Amino acid sequence: VSTQSTGLPGFSKTDQDKAGGVVRFTRGGKVMTFYYPKEDSKQPSRRAGHSATVLPLLNQFVLFGGEDEIEQLNDLHLFSLQTLTWKKTKGEGEAPSPRAYHTAVLYNEKIIVFFGGQVGGKSLNDVFYLNTGDSHFSWLKPQIKNEIASLIPDPRHGHSAVVDQHQMIIFGGRKDREEYYNDLFSFDLASFTWSKLSPKGTGPEPRAFHSMTLYSNNLYVFGGHSATSTFNDIFTFNLETSTWTKLWTHGALPSPRFSHAAFLLDETHMLIFGGCTHSTQFNDSYILNMSSRSWSTPDLQPADPKKPELRKVCKHSGISHNYKVFIFGGLCSTSQGTSANYSNELIVFFEMESHINVIGATPSGDRSSSKTRKSEAKLPQHSIELTADEAARLSGGSDKKMTKKISLLRLTNSSPIPINTPPKKEESKKSLMEKFG
């Protein structure tokens with residue numbers, strides 16, 4: 001695969017030639033593979049603090065807003081999960097003002113609900129709907145029915161949000177750079193009314209730039225930071241009993257961090273990738289088995305030490321779709337550097353078995369025999385089909401020559417992933433502190 005077609009921005013030509021666009025990581029017999037798709041001329045500009053939301057009916061994700069070195073943004077981009085191409089678009093009607101560190105959640109498979117964020121150092125608490133079900137996207141600013149101050153969240157950014165049935169639930173965040181929150185609010189997506197929840201139990205300390213994931217009628221809150229602390233605790237909020245519980249887990253707990261990406265990989269596994277403290281960034285991944293409450297961590301050291309590592313990144317977006325993971329933008333740095341720069345790189349991950357099953361082609365670096373590959377291919381029944389472009393990158397062939405289908409074998413959930421020791425923290429220059437929040 002040529003350097004131009006693979007594209008590993010920020011790495012030398014020598015490293016790119018050696019990498020071939022694909023880096024394979026061992027995970028106790030499992031493999032995590034990532035690559036950088038070819039940069040698109042319509043790719044969004046460099047940014048951090050944006051949102052990315054999957055539209056499963058359209059096989060796309062929507063990227064909105066964020067900030068760069070100069071200003072906050074409110075542009076709207078579509079990424080095709082099938083062709084791996086970008087398209088800039090607009091929505092009819094009144095669009096949200098430029099903002100970063102807002103939330104965007106999907107309702108009824110076709111409506112994206114945006115809340116809050118920050119612009120020019122000022123926090124926001126407005127709500128916008130983006131209807132993606134029509135031939136043209138359209139914006140709607142709902143008229144809030146109850147404007148009682150105590151029932152409406154204070155302006156905030158760096159908060160979290162999920163949708164549960166017909167309500168959007170908001171947790172935490174901070175106002176400007178002063179006040180941190182640990183409150184919970186519910187917004188009825190049909191009646192446009194806010195209500196403040198009164199939870200039982202001891203909940204998380206006030207925090208911002210944490211993550212919140214919905215699983216089995218429970219909200220899972222992880223990490224974040226306050227004015228004095230950076231966290232790696234995890235709490236659950238039961239939506240039926242309205243009760244907070246601190247979750248005690250097993251395995252290699254992620255180090256304290258904020259501005260990471262967290263999302264469900266499948267029915268029972270949550271992935272956390274990247275993030276930062278006030279002095280350093282991370283490029284590690286952790287997986288929480290929600291059922292067994294056990295953490296595991298991939299070994300993110302390259303199988304070939306001469307090949308490049310993943311960039312360290314925070315304030316990025318991350319989504320999971322059909323067992324692929326897409327990471328976009330954020331503040332990035334290399335393992336050697338101490339500077340953090342706004343990025344518009346897209347990274348695609350695959351969670352797989354210990355090999356790539358290629359029908360009619362042998363992946364670069366695959367030393368197993370055809371007999372072994374044939375027997376291994378019978379093991380799991382879960383597979384996904386790659387695009388021709390992805391197939392070419394993973395097989396070492398060109399787009400035109402690659403005519404066979406490639407199946408990627410899904411990471412099995414039958415046994416825990418071997419646990420490794422979390423990476424040690426690294427010291428970085430104080431100049432990073434402002435960028436990291």
Side-chain angles (χ1 to χ4, degrees), residues 7 9 36-55 57-107 110-142 155-159 161 209 259 261 313-319 321 326-332 340-348 435:
Y36 297 80
K38 181 180 178 181
E39 289 194 25
D40 190 330
S41 61
K42 297 181 180 180
Q43 197 149 322
S45 60
R46 302 175 187 273
R47 68 190 64 206
H50 52 280
S51 61
T53 313
V54 177
L55 297 174
L57 296 181
L58 299 179
N59 204 24
Q60 298 175 329
F61 75 74
V62 174
L63 186 141
F64 172 79
E67 66 177 7
D68 56 23
E69 297 91 337
I70 302 173
E71 60 186 354
Q72 282 77 42
L73 308 165
N74 68 342
D75 49 352
L76 198 62
H77 300 264
L78 294 176
F79 180 77
S80 170
L81 295 164
Q82 184 173 7
T83 63
L84 304 185
T85 55
W86 289 97
K87 175 185 177 182
K88 188 173 183 178
T89 188
K90 292 183 178 180
E92 298 177 353
E94 179 187 357
S97 60
R99 64 192 60 205
Y101 312 115
H102 54 279
T103 51
V105 291
L106 186 65
Y107 172 56
K110 62 181 183 179
I111 297 175
I112 302 177
V113 185
F114 297 84
F115 171 75
Q118 183 187 53
V119 57
K122 181 181 178 181
S123 296
L124 306 166
N125 67 343
D126 49 2
V127 178
F128 283 86
Y129 286 22
L130 178 65
N131 185 356
T132 68
D134 300 328
S135 56
H136 299 286
F137 287 5
S138 58
W139 290 104
L140 168 68
K141 186 175 182 180
R156 64 190 64 201
H157 66 282
H159 54 283
F209 300 101
S259 295
V313 62
C314 68
K315 299 185 177 181
H316 49 292
S317 62
I319 63 102
H321 181 70
F326 297 83
I327 303 294
F328 179 82
L331 287 170
C332 289
N341 300 306
Y342 289 92
S343 169
N344 67 340
E345 291 177 348
L346 178 70
I347 311 173
V348 182
K435 284 186 177 181

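We use all heavy atoms of the structure for the numbers below, so side chains are in, but hydrogens, waters and symmetry mates are not. Here the structure is a predicted model, which is why all the values come from computation and not from measurement.
- Partners of T85 under the side-chain hydrogen bond (donor to acceptor under 3.5 Å, both in side chains) rule, at least two apart in sequence or in another chain, are T83.
- Screening F64, F115, W139 for a side chain to side chain contact (heavy atoms under 4.5 Å, CB included) with F128, the sole residue that qualifies is W139.
- Residues forming a salt bridge (charged side-chain N to carboxylate O under 4.0 Å, His left out) with D75 (at least two apart in sequence, or on another chain): R47.
- Taking H316 as the reference, nothing meets the side-chain hydrogen bond (donor to acceptor under 3.5 Å, both in side chains) condition, with sequence neighbours excluded.
- Residues passing the side-chain hydrogen bond (donor to acceptor under 3.5 Å, both in side chains) test with S343: none are found, sequence neighbours excluded.
- Across all non-hydrogen atoms, the minimal contact from V119 to P98 is CB-O, 3.2 Å.
- For the side chain to side chain contact (heavy atoms under 4.5 Å, CB included) test, residues two or more places apart in sequence or in another chain that qualify with H321 are V54, N59, L81, I319.
- Among the candidates H77, K42, Q43, the single residue satisfying the side chain to side chain contact (heavy atoms under 4.5 Å, CB included) test with K88 is H77.
- Tested against L78, the residues F137, W86, F61 include a single side chain to side chain contact (heavy atoms under 4.5 Å, CB included) partner, F137.
- Two residues are said to be in side-chain contact when any heavy atoms from C-beta on lie closer than 4.5 Å; P142 and V127 meet this criterion.
- Ring geometry for F209 versus Y101: interplanar angle over 60°, hence perpendicular rather than tilted (30 to 60°).
- L73 and S45 make their closest contact through CD1-OG, 4.3 Å (heavy atoms, listed as atom of the first residue, atom of the second, distance).
- Looking at L331 and Y342, their side chains come closer than 4.5 Å, going by heavy atoms from C-beta outward.
- Partners of S97 by side-chain hydrogen bond (donor to acceptor under 3.5 Å, both in side chains), not counting sequence neighbours, listed by chain and number: R99.
- Annotation: side chain of L346 is not in contact with side chain of I327 (no heavy-atom distance under 4.5 Å).
- Counting only heavy atoms from C-beta outward, the side chains of H102 and S51 approach each other to under 4.5 Å.
- Shortest non-hydrogen contact noted between H159 and G117 is CE1-N, 3.9 Å.
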